[in-house]
Every structure is written in structure tokens, then in C-alpha cells.
Amino acid sequence: MHGRVKVKTTAQQEEEKKKEREKKLKIYVAARDACFAKRKEGVKDEEALELTQQLLSSNPDFATLWNQRREILTHLETVKDEDGMQKIYDSELHFLESCLKVNPKSYGSWFHRGWVSSRLPRPNWVRELSLCDRCLSLDDRNFHCWDYRRMVVKMSGVSVEKELEFTDRLISSNFSNYSSWHYRSTLLTLLHPESPEPKSPSRDPQTHSHRVCEEQLLKEYELVQNAFFTDPNDQSAWFYYRWLLGRADREEMISCVYVSRDEERVVVGFSGPVNAESSGLFLVLDGQPQRVEWRSVHPCLKQSPVWICDLPPGTISDITNEHNLTVHWSEKPTRRDCALYTGRSESWCRDSATDQELFRSELSVEKTSVLQSELESCNQLQELEPLNKWCLLTIILLMRALDPLGYEKETLAHFQTLKEVDPMRSAYYSDLCSKFMIENTILKMEYAEVRVFSISDKNLTTLCHLDQLLLVTHISLSSNQLCRLPLQFAMLQCLEVLEAENNLIEKLEGLYHLPKLEEVLLRNNKISSLADLEPLASCPKLKHLDLRGNPVSQSDGVEAELKTLLPNVTELLL
Amino acid sequence: MAEEENQFEEFEQIDFLRDRHIRFFQRTLQILPERYSSLETTRLTIVFFALSGLDVLDALDVIEKNSMIEWIYSHQVLPTDDQSNLSQCGFRGSSHIGIPYSTKGPGVPHPYDSGHVAMTYTGLCSLLILGDDLSRVNKQAILAGLRVLQLEDGSFYAVPEGSENDIRFIYCAASICYMLDDWSGMDIQKAIEYIRSSLSYDSGFGQGAGRESHGGWTYCAIASLCLMGRLEEAFTAKELERIRRWCIMRQQTGFHGRPNKPVDTCYSFWVGATLELLGVFQYTHFEKNRSFILSTQDRLVGGFAKWPDSHPDPLHAYLGICGLALIGEPNLKKVHPALNITQRAFEHLQQLQRTWKDNCNGQH
């Protein structure tokens, strides 16, 4: 089923074709039955090869027949001498070529050719490579051929350098050759690996996670720049470029420990979602290991960056006592210490997002000067091609790598342009922009050393990095385009005041067991039913709730229902 | 006048011809043209396209369900009396081997009769779509036949005699285990490692390690992990973001399967469903997607083709309709993005699984 174009035929031509087909069918059925008769009898001779050949010529995906052929060939290996087998396999390869002409994308044919090549007494790898060349010249995206080529290269010991030259030739004759760039990416890491960093074995993909050494990297940048200056609209070079600029993800670790006397609980923040329910998270208090149970902020979040445990009552409630806590995670030996001083009701220990370059870790490159010069090249291109989305995306990426706060204004302007030149994905870009705005607000909050997070009127369409807001006491999300406060919102364990007026909020699932939450301002949103407000009942300190301008405030008897649902609320605005 | 004609043409171009597609699938189930002969060995997959297509169109009443169910069961490779062929059990693609027609056991011993993992997958789906309760499926035999297909590296062969091995068959295996509610059919951890190793430098998935990323294999990877319930365990949040990015860039009007290739109707499902599973399908452009799919609609014989002005075929007809279902085309049933059957068929499966659990508990 490979895209046949329509061609009109007359009734007579149809009739002729029908007769031809019937004739073919008869031959086919006869041959097939003969094949299986041979098989049943266990006959593995050259006549059987002949028979299966007839069928496979017209039906190269008849897997059973290829298997039968392999059986026959394996058997013949035991009775013929080397020269004899070489002859048989040579004609097998000849036959396969004609099959591939009929259907260059047949799994069965390519697999069989690979099988034959690996068994040939005297393989002719030059011929195999030339077959690949011919096939690729007809269709340079035929992945069957590319896969076969890699196998040939491996078996024949063609050097990686030579293959790299091969991709050089293909790419320079046609920059828009995604398959070649892909192949190059696999070769490069073999030839010029970055010095190996200690990596966690269980999370590594086998290829492509190893970066390229810097000297070669600079040469690659030049090659790629040639490509995207020549044809800025071709995705190939841009994706390859992004990969060159990137780096493997950092390992997961504990990024924050928070302890509160009031709730007698310890909250642990990780750098990414983990499952700490069953795996080695241990708490040591004043030198004594504690028997505690860890839970995620919401039962539906099995993988979460934030985990909570409750201490036995009275353990830390006396404010005249000082305590020392250590949290150990045995998955990667990592630990954090946190001291809870006399007279303090809470304490924490946290990695700074700025120091950790949390939001810059996309791009690794050792020298800022390199990134800077890449940015200059892209800016040059952008002047020539102002409507090119790949260029804009790359510029944004580079800016965020160099100086997220310093380039904030330009980044926002570029996003605006992006949404205009690639309107098909404007919702995706809005989302991406929201993410960057949140990142910048987190950085600003850190500089100001406050626990107030304010991001109003920024066209936010989504929330993210909520794990970074673990310590926030006041949050303002007013005048944005948020539709919900998702489950992850429950990570804001210190939240006291939530301002979210003038959004499109329908769901509040994330306002779940927030122990310090007192004030919730949701004026002018889209909350429509009492059921949507149920999570609020889990917040014990909630006193002030503003629901004016929501559909739910118009329903009959809502006030009475809310008084039942939320008995502790003293100020209710409808 | 010219304007009116243009408007009428435009309307003609964008309306969905439900009845034509129903007839297209009906004809598919009755007889296949000669050019499909190379697909004889995979006939059951074509039946699945037609049945599931009719289900999405809410038109299963046009076929005779019971005889269809019998035909499908006749393709089950059942254990022989001495159970010596357990590693060959599963479903066949068609009767091309020549085993005499039978819908019940015991199995007929034959050295070369075996199941094919994709036929087992589509066979089970088809039975569910037809409302069957899978009571005649020999689950233990199927799982035994599945286990022998998995290699050390976590990928699967299609057949026990050996074949190419890659991520497509991991997807089939995961679907089979999911439907039978029994993961003893595969080593999940190894499969996850293979899937991880298939992630390419550009954050799409290839058929295996070092291979070019492709919308079809990306679907297999993500859907398998979702069925296993391990998506967030297998990949970090950052990796998932990059995967989303690669996928969302596949939309040109409709979707293509690889960068710099032409858009093709079937990727509206392969990539669309992947984006749905990753929670970002709503960021795609529905109108352009729809316009492209409908431009490949065959207004005369029904069905959809991969490109405009090409012959329609059951695969593109089915996946085109699924692609439309994802964007909420009216009068189409919702499709379960990971299992690739209607939500209705999926709910039938859930009901069956509840019954199996109850029966199991009842015995203790």
C-alpha cells in the first residue's frame, strides 16, 4: 500500500487485466502448494529454492517462504563445499536484487540479504556498498537501505573516518538530507567522543548521549552553519545544530529540604520527578534514624519532585529545642542537612536555581564566547531571513543559555514574531513562552531573596516548575490565561495566599492538603460547580475565599452548600 | 457566480463522506484486489483496519459479527494435544499455510505453523471490537508464544522462527499483555531499555538504537510505555519535553513521519495520537490537519489515500478516520490513543477484565 497514483482505463483494458490476473493467480496457487508440499515432506533441495523463488518474486513479504529458504540454504551448507555455496549465495544475492527492484522497502528482502551477506564464504562488501549507493541515489530516505549499509560497514570494517567522509559528500551535495545528518550524528560520537563523565547506567540511551569533543564541535558548527545559511528552511541542519549545542541531563538529586514545627512535617524537593515511596529515602533526626512514611503531594502523582513525611507528634514541636535533620536518598548516594534553630518555627536548605544554572542546562558549551559567536551568526541570518522560524527558535535557545534575564525583552519579542510566522504552533509557543516567563520570575525572586512569586498579566497559558515554588508563601497569578491549578500545584507546601483573579480557571485539583493556605482569591474565573471546589475542603487553615464572577456563584443555594463544605471559612465572597 | 462555485467546491472538499467510507470497509471485508496479494500473509491486519474503521464510524451493524468472530478464531494457533507447540501459539495472518479450517482445538501439529505477533495483536483487537468475550482465546498459550519472541536486548521478533526485530513488535507485545491483563508475556524492564536506546539525537524514536527517528516508531515507543504505565519512569521531564518538540514539529499541514518528507494521512494518527498521549495534542492546528486528511479522501470509492490524487487503501482509510476522530470530527467515535481501538471497545475490554478479576477472586 504505497501511494499509487490514479490512471484512467477503458472497460476493455479492465477486461484484459482481469484475464491476466486470473492466469497469474492460477500459477501462484500452484507454486504455493508445491512449495508447501516440499516443506511437508521435509525436502530441502535446489528445486525447493526454485519454487519459493517464483513466489517471492511477486510476493516478497511472504515471511514463511524466506524462512523456508534459509532452512534450505543452511541445510545445503552441510552438503556442499565452499565454492558450491559461494555460487549458490551469489545467485541468491542476484535474486534479492531483483526483489528489491520490485519493492525497495520490503522488510523480508533486506533482512534476508543481511542474513546471506553474513554467511557468505567470500563476501564482496564493495558490491554491497555500491548497491546501497544506488538504492540511496533513488531514495535517500530509504531507512531499510541505511540500516543495511550500517550493517555492511560494521561487518566489513569500513573505518568511521571513511563513513564520515561519505556523509560529507552526501551533505555537501544536498544539505537537505536528514538521513545523512542522522548518520553523521552516530559516527561523530564514535570518532570524537567527549571525555566520559560518570553517568548513571540505568538511564542512558546507548547512542547519542555521548557528546562530541570541543575541537570537532567547532568544525561541526561551521558545517551546520553553511547548511542553514544555504537553506534556512530545512529542518535537518537545525535539529542537528540543537543536538550539537546540547548536553545530557543532569542527575537527579535532592534540591531542597524544608521542615515545619507547626505541621510537624518534613518536605523534600528533588531536582526532577522520582518515586520515593518505596525507594530508599531516609530521615535522620538528631542522629537517630526515623521510621517515617513518605508520600507524594498528591496520590495521583506517583512520580513527583516533592515528597512529604509526618513526624510523630511532639518530636519537633517545642520551639526551645534545636534539631538537626539529614535526609538520605540511597538511589544515588546523596544527602541534605538542615538545622532547625531554637525560636524558629521553620527551616530550610535549598539549592539556588541561579547557582545550579537550572534553567540554562539545555546548552553545555564550555565557553560562553562560543555561544556568543553562535548567537551572532544566527542574528546575522535573522536579518536576512526575518520570517524563518528555526532561526528564531535557535536564537531564543541561545539567549536563554547566555543570559535569561538580560535577554528577556528580546526573547518576548521573538516569541511574538514566532507566533506570527508559524501560527500553526502558536499555542505551543505560548506554552513555551509561559515556561520561560516562570523561569525568569523564579530567578528574580531569588535575587530579591523573598518568598513571594508574582507573575501577573504575562499571558500565561500554563504552569510549570512548581517544584521550585516549594517555599513560596504568597503567589500572584492574576490576569493570565490559566485554565486550571493542576495536581502539581500541591507542591506549594508553604503557600498562605493565592491570588488568581481574572483567569479562565475551571479546576482546582492542585489545592490539595496545603497546610498553610489561608486566602484564595479567584474572582472572575470559570469555576462552575461545587464539585470543582471540593479540594479546598482539604486545606485546614482556609479562611478567606473570593468566588465572585464565577458561574458557580450564580447557582441556587451555593452559599449554604459552601458553608457545609468549608465550615472554617469566615469570609466568603460570592 | 464564480464565487458561489468556489464556495460550493470548498464545501465539497471539506465534507466527510461517511457512507462512502462504510462501503469502502465493507468491500474490504468481502474481497481484496489483486494488488494486495503481497499482503496475504498479513490479512488479519487488514481485517482489523476495516472492523475498527467501521467501529469508529459507528457502523458495525453492517457486518455479520458472529461469522467474523468465527473466522478470526480459525486463525488461532492452538496448542496440540501434547502441548509441544506452545512457543508457536498466537494468531496467524491468514490461511496461507493451509491448515484446515477449525475454530476449536486441539491444534494441528505442523512444523511451520506459528503465530505472528502483529496478527495476535490485531486478532485480539478485532475480537474485542466485535464484542467477543475472548473466552476461546487460550491466554496461557498466547503468552507462552509471546515470551519466546523477546530477545536479550528487549526487542521482539515477529515470529518464533526469527525475523527482523524492532520496536514495532514491542508495541504489539505490550498491547497483547495489556489486553490479556497479564504482563508475564514480556520482560518489561528490558523492553524499556530497548525503547530508551531507540531515542535518537533529535529526540524522535528510531526502530532501534542508532536508527533514524520516525513518527511510526515514536508512536510505538510512547504508546508502549503508556500501556505499561511507565512513561514518566522511563524518561525525565526534560526528555519528554524534547520528544514533544520533535513530534509537534511534524505538522506541516497534515503530518509527516520524518523531517523533509511529504505529509501523509496515516501520520495524522501516528503522530497525533503520540501528541495526545504526551498531553499536547491541543497545541496542534486542527483545521489544517483536517483539511489535509480530507484532501486525500476518495470521493468516489470512499477511503483515504496517503496523498491527494492517489488510490485509497484500508490502512490510510482507517488511520485517516482515526486522525479525524482525534480532532473531534462529529459523528466519529473516540479512539483510545494507546491501544488504537474505539473508547467503546476499550470499555468492553475493561468490563471483561473486571469479570476476570472477580472470577479469580471468587476462586480463593
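Every chain is numbered from 1 and lettered A, B, ... according to where its sequence line falls, protein lines coming before strand lines. What you are looking at is a predicted structure, and each value in this text was computed from that prediction instead of being measured.
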Per-residue contact mode, A/Phe239 against chain B (heavy atom under 4.5 angstrom): both
Donor-acceptor pair between B/Tyr112 and A/Asn67 side chains, under 3.5 angstrom: no
Closest heavy-atom pair and its distance - B/Gln207, A/Phe143: OE1-CE1, 3.2 Å
B/Lys238 NZ to A/Ser271 OG distance, which is reported to the nearest 0.5 Å: 8.5 Å
Salt bridge (charged side-chain N to carboxylate O under 4.0 Å, His left out) pairs, two or more places apart, involving residues 62-72 of chain A: A/Arg69-A/Glu92
Proximity breakdown for A/Leu393 and chain B, heavy-atom pairs closer than 4.5 Å: side chain
A/Trp390 portion near chain B, given a 4.5 angstrom heavy-atom threshold: side chain
Euclidean distance, A/Tyr428 OH relative to B/Arg244 CZ, rounded to 0.5 Å: 9.0 Å
Rounded distance [0.5 Å steps], CD in A/Gln303 versus OG1 in B/Thr236: 11.0 Å
Straight-line distance of B/Glu164 CD to A/Asp147 CG, nearest 0.5 Å: 11.0 Å
Heavy-atom side-chain proximity of B/Asp202 to A/Tyr178 below 4.5 angstrom: yes
A/Trp146 backbone acceptor or donor facing B/Arg211 side chain under 3.5 Å: no
Minimum-distance pair of heavy atoms, taken over all atoms of A/Arg150 and B/Gly210: NH1-O, 3.6 Å
Contact class of A/Lys389 relative to chain B, heavy atoms under 4.5 angstrom: side chain
Pair B/Arg250-A/Gln235, side-chain donor/acceptor within less than 3.5 Å: yes
B/Tyr283 OH to A/Thr462 OG1 distance, which is reported to the nearest 0.5 Å: 5.0 Å
From CA spacing to verdict: salt bridge (charged side-chain N to carboxylate O under 4.0 Å, His left out), A/Lys302, B/Glu232: CA-CA 9 Å; A/Lys302 294 271 182 289; B/Glu232 278 167 23; over 6 Å; no
Pick from B/Tyr194, B/Trp217, B/Phe286 with the largest number of heavy-atom pairs that fall under 4.5 Å of chain A: B/Trp217
For chain A, the option from B/Ile248, B/Val280, B/Thr284, B/Thr41 that forms the most heavy-atom pairs under 4.5 Å: B/Ile248
Check: B/Arg258 side chain, A/Arg141 main-chain N or O, donor-acceptor pair, under 3.5 Å: yes
Heavy-atom contact with chain A under 4.5 Å, split by part of B/His96: both
Side-chain (A/Arg425) to main-chain (B/Gln251) donor-acceptor, under 3.5 angstrom: yes
Side chain, backbone, both or neither of B/Ile192 within contact of chain A (heavy atoms, under 4.5 Å): neither
Under 4.5 Å from a heavy atom of chain B, the part of A/Tyr183 involved: neither
A/Ser179 to B/Glu212 - nearest heavy-atom pair and separation: OG-OE1, 2.6 Å
Most chain B-contacting option - heavy-atom pairs closer than 4.5 Å, from A/Phe111, A/Tyr240, A/Trp115: A/Phe111
Rounded distance [0.5 Å steps], NZ in A/Lys435 versus CD in B/Glu241: 5.0 Å
Six-ring centre of A/Tyr107, B/Arg168 cation under 6.0 angstrom, axis tolerance 45°: yes
